[in-house]
Visitor: 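Encoded as structure tokens, here's the structure I'll be asking about.
Every number for a ligand or one of its atoms is a count from 1 in the order of the listing.
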Amino acid sequence: MANLVNFEKRGPIGVITVDNPPVNALSVGVPQGIMDGVKAGETDSGITAVVLRGAGRGFIAGADINEFLSPPPPGSASLDDVITCFENSTKPIVAAIHGNALGGGLETALACHYRCGTGEAVYGFPEVLIGIIPGGHGTQRLPRICGVEKALPLMVSGEFVPAKTALALGIIDEIVDGDLLDGAIAFAERIVAEGHPLRKIRDETASVPTDGFYENFEKSIAKRARGHLAPYKIIEAAKAAVELPFEDGVELERKLFRECLESDQSKGLMNLFFGERTCTKIPDVPRDTPTQNIASAAVLGAGTMGGGITMNFVNVGIPVTILEMSQEALDRGLEIIRANYANTVKKGRLSQDKMDKRMSLITPTLSYDDIANADIVVEAVFEEMDIKKEVFRKLDDIMKPDAILATNTSTLDVDEIAAVTERPEMVIGTHFFSPANVMRLLEVVRGAHTKKEVIATVMQLGKTIKKVPVLVGVCDGFVGNRMLARYSKQAYQMVLEGALPQDVDKAVFDFGLAMGPFAMGDLAGLDVGWRIRKRRATENAAIKDDAGIDDQICEMGRFGQKTNAGWYKYEPGSRVPIPDPEIEQLITRYCEERQIQRRPIDEQEIIERCIYALVNEGAKILEEGMALRASDIDVIYANGYGFPRYRAGPMLYADMVGLGKVYKAVCGYHKQYGEIWEPAPLLKRLAEQGATFNDL
Ligand code: 3HC
Ligand code: NAI
């Protein structure tokens, strides 16, 4: 294991270097290597102290998360062994930190006797983000350093703090200017020369928090942590740091850690951790595919989406020329962007200076001549094929030859749009989600002719603008909305059969989604779909005959939150949905008129029909190659549709339920409801093989 951890002598100081790229995780072999280093220092009488550092990008980013999902054979040295080894050391051990000291990495540092680091280093306990708690005594040591009132928010949020904050909290003893190793060696020599004792945080006490602290803290995280296990286990462990002797606290931490590790939640979150990194890997577009430099952008349309998309670019310093049809639309769009930023400034999350800088990067225009030299243009005009085609013909005429032409269409065929240009290889879909400046998901739609360099550039750009880009194929609704249509259809169908909107929404909310389908409809606005349906109805008499409940709701002028009434009613200025007896009557009447026999529908059926509808369609999407992997679908649902992160997404959820069971239920619904539940052949195959989507 010599290559994972190295030991060298620098005068009287032993230097242990962890060298396990890319992030120096504590994979099998690393703990043993560190212990071997400490032993080498102990046995060499010429060595007075030891410095522990990381090679490459940072110190140590924590335990190897792969080893939680596929545990290595037992018997290898662990983080616990490293900590015991540090505690038994007779010579001072100094952590020298650059880059990241995270999770088990920070715990390793806290078990050292002293810590110093560069000014750019960051510190944190991100375990909570993968569904576990710090398990290397972190919950016991951090409250002893900075008090439970400061330690808990850090561990429960998983937030990374900069060096200056770490210094103020007492996590590190010194910030080193200049070369880190030289500084750390000098620090270690000073400790020895001045005869400082071996400082052991375990021997210190954690101060008792103010009355009511834990209750108030729990209240403050209630919304964010809803349904999550780990935040509450962290609170329990941190409390023990205050109330129990160190060893007992460690024992409790160990127990709680195991409980979290064995839960489905940590499996969900860990899979999502890797899913969010794997989604940028495209088999036929390797990482070394050349990419284009994106130094400027143009956005067409300053409406709901165009404004948000513009903000994404200027937020990271990419100037945008924004084009509209009229001065009025341009002014309105810019005013909304300005108001959005001003609101963030008001909340103290952005400085006025930064806002001014961002606004100064936006150039409004009515002329195509002003956008011709942009490196990428993102079209976000009305969702009409004829308009999109006209716009792309113009773009083809005026844009420089290597400009990327992107469309934000949500439903139209990207290939049909690309076909009107002489350069379909430069055309790609960038499907942002509303509000585009907030939602992290970006579906990158690969057209039949899109060039690999264009795909690589847009995937990279997605990361630059802080989105989670997922590659999808051209199909109706792409991946997310195509699946959502099946889910919404089931929700609506169950309202016809006997459930009320609030029953469906409650079941889905309790399952962990941010909101149910009917509350979501009210939020998004019911009128958009209604207008589309009305237009289609004028073209097709058969549809016109049977206006659905949703159409009737719109005919009553109830368009959702914007009119204070939709599937629910709302107090003016409030977003809290209130079940409305008027809607209940409408539903009952509607069913009576059509002689639909209503029946009670329980939560289990609601969840099965909503979620399995997603899964079945997801399986079809996978088989058609419209998504590259099941985990890509989960990433889409976790980042664009409010699916609970601790379940990863619908596909991993189905794997955990067992595809045999899911398939059986889908077959049952197929028998009962017909074609819409046609089982996906892939689901059938995997179920019969006893396999999972993850195995693919
Ligand atoms: N284990 C295994 N692999 C890891 C890892 C970890 N802890 N951290 C990062 N990686 C891998 C990533 O999967 C990725 O692999 P890939 O190149 O094959 O896709 C590669 O390292 C680089 O990661 P990123 O793309 O995320 O690189 P960034 O530079 O954007 O971010 C980072 C670096 C901030 C370290 C980020 O990777 C991160 O947050 N990692 C997780 C840190 C973490 O959760 N630590 C706690 C682990 S649990 C623990 O320590 C338990 C302990 O209390 C007992
Ligand atoms: P919007 O109606 O809010 O804005 C469209 C803007 O485009 C208007 O300001 C209009 O003046 C302008 N416009 C129309 N034709 C133009 C032209 N030829 N040249 C320049 N500007 C023109 O629409 P929204 O919601 O922003 O949608 C834009 C696109 O984004 C559509 O394709 C839509 O399907 C897609 N989309 C919308 C989402 C949403 O939630 N609103 C989500 C994801 C995609």
Side-chain angles (χ1 to χ4, degrees), residues 20-27 57-69 78-80 83 99-108 122 124-139 155 158 160 253-254 257 260-261 266 269-270 273-281 287 299-309 322-326 328-330 332-333 336 365-366 368 378-388 390-392 394-395 407-412 417 429-436 439 441 443 463 478 480-481 524-525 528 640:
N20 182 24
V23 295
N24 292 331
L26 292 164
S27 320
R57 287 160 54 174
F59 181 66
I60 299 170
D64 186 333
I65 302 168
N66 290 296
E67 293 177 4
F68 291 136
L69 291 172
S78 67
L79 174 57
D80 255 356
I83 294 172
N100 302 298
L102 304 175
L106 181 51
E107 289 171 312
T108 305
V122 294
F125 282 114
E127 283 88 342
V128 70
L129 305 177
I130 51 169
I132 56 175
I133 74 170
H137 310 186
T139 62
M155 293 190 286
F160 298 176
E253 180 194 86
R254 209 168 276 144
F257 178 83
C260 288
L261 189 61
S266 68
L269 285 160
M270 287 178 196
F273 173 86
F274 288 115
E276 285 177 347
R277 283 155 181 85
T278 311
C279 65
T280 54
K281 294 172 189 154
R287 275 198 173 172
V299 172
L300 300 195
T304 310
M305 296 306 287
I309 294 168
I322 184 164
L323 183 142
E324 257 293 351
M325 288 194 300
S326 69
E328 197 197 346
L330 205 48
R332 195 173 48 235
I336 293 173
T365 186
L366 296 173
Y368 273 80
V378 182
E379 164 279 309
V381 305
F382 296 139
E383 186 74 346
E384 292 279 344
M385 185 51 104
D386 290 344
I387 300 180
K388 302 269 192 207
E390 188 194 321
V391 163
F392 270 76
K394 267 193 210 147
L395 290 176
T407 171
N408 187 50
T409 179
S410 46
T411 55
L412 301 174
I417 296 173
T430 46
H431 185 211
F432 288 85
F433 287 71
S434 181
M439 297 298 288
L441 177 62
E443 282 186 331
K463 278 173 114 180
F478 310 124
N481 285 347
V528 183

Visitor: Under a heavy-atom criterion of less than 4.0 Å, does G138 contact ligand 1?
Guide: no
Visitor: Counting heavy atoms only, which part of A63 comes closer than 4.0 Å to ligand 1: side chain, backbone, both or neither?
Guide: both
Visitor: At less than 4.0 angstrom from any non-hydrogen atom of K388, what atoms of ligand 2 do you find?
Guide: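 Near K388, meaning under 4.0 Å from one of its heavy atoms, ligand 2 has 31 (C), 32 (O).
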Visitor: Could you work out, for atom 2 (C) of ligand 1, the closest of D64, T139, T280 by heavy-atom distance?
Guide: D64
Visitor: Could you tell me which atoms of ligand 1, counted from 1 in the order shown, lie closer than 4.0 angstrom to a heavy atom of K281?
Guide: 16 (P), 18 (O), 19 (O)
Visitor: Checking contacts here: is it the side chain or the backbone of T278 that comes within 4.0 Å of ligand 1, counting heavy atoms only? Could be both or neither.
Guide: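 It is neither part, as no heavy atom is under 4.0 Å.
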Visitor: Which one of P22, A61, S27, G99 has a non-hydrogen atom at the shortest distance from atom 45 (N) of ligand 1?
Guide: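 Residue with the shortest heavy-atom distance to the ligand atom: A61.
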Visitor: Looking only at distances, can you tell me whether any N or O atom of G103, backbone or side chain, sits closer than 3.5 Å to an N or O atom of ligand 1?
Guide: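 For ligand 1, there is no N or O atom that lies under 3.5 Å from one belonging to G103.
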Visitor: Within the structure, is a non-hydrogen atom of F433 found at a distance of less than 4.0 Å from ligand 2?
Guide: no
Visitor: Among F68, F160, F274, which one puts a heavy atom closest to atom 3 (N) of ligand 1?
Guide: F274
Visitor: Which atoms of ligand 1 sit under 4.0 Å from any heavy atom of G104?
Guide: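 Those of ligand 1 that fall under 4.0 Å from G104 are 49 (C), 50 (O), 52 (C), 53 (O).
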Visitor: Quick check on F273 - does any of its heavy atoms sit under 4.0 Å from an atom of ligand 1?
Guide: yes
Visitor: What atoms of ligand 2 come closer than 4.0 angstrom to any heavy atom of H431?
Guide: 43 (C), 44 (C)
Visitor: Protein non-hydrogen atoms only, distance under 4.0 Å: does atom 15 (O) of ligand 1 have such a neighbour?
Guide: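 No.
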Visitor: Quick one: which ligand 2 atoms are inside 4.0 Å of a heavy atom on V391?
Guide: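 Counting atoms of ligand 2 from 1, those under 4.0 Å from V391 are 18 (N).
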Visitor: For G303, take its heavy atoms, then give the atoms of ligand 2 lying under 4.0 Å from any of them.
Guide: 3 (O), 4 (O), 6 (C), 9 (O), 26 (O)
Visitor: Numbering the atoms of ligand 2 from 1, which are under 4.0 Å from a heavy atom of T409?
Guide: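 Checking each atom against T409, I get 32 (O).
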Visitor: Can you tell which of V128, L69, V23 gets a heavy atom nearest to atom 5 (C) of ligand 1?
Guide: V23
Visitor: Can you tell me which portion of I65 lies within the under-4.0 Å heavy-atom range of ligand 1? Options are side chain, backbone, both, or neither.
Guide: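 Both of them.
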Visitor: Can you confirm whether M270 sits close enough to I132 that some side-chain heavy atom of one is under 4.5 Å from a side-chain heavy atom of the other?
Guide: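 They are in side-chain contact.
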Visitor: Hey, is R332 one of the residues with a heavy atom under 4.0 angstrom from ligand 2?
Guide: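 Contact absent.
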Visitor: Please check atom 23 (O) of ligand 2 for a protein heavy-atom neighbour under 4.0 Å.
Guide: no
Visitor: To the nearest 0.5 Å, what is the distance between OH (Y368) and NZ (K394)?
Guide: 4.5 Å
Visitor: For atom 5 (C) of ligand 2, which of the options G525, A380, A302, G306 provides the nearest non-hydrogen atom?
Guide: A380
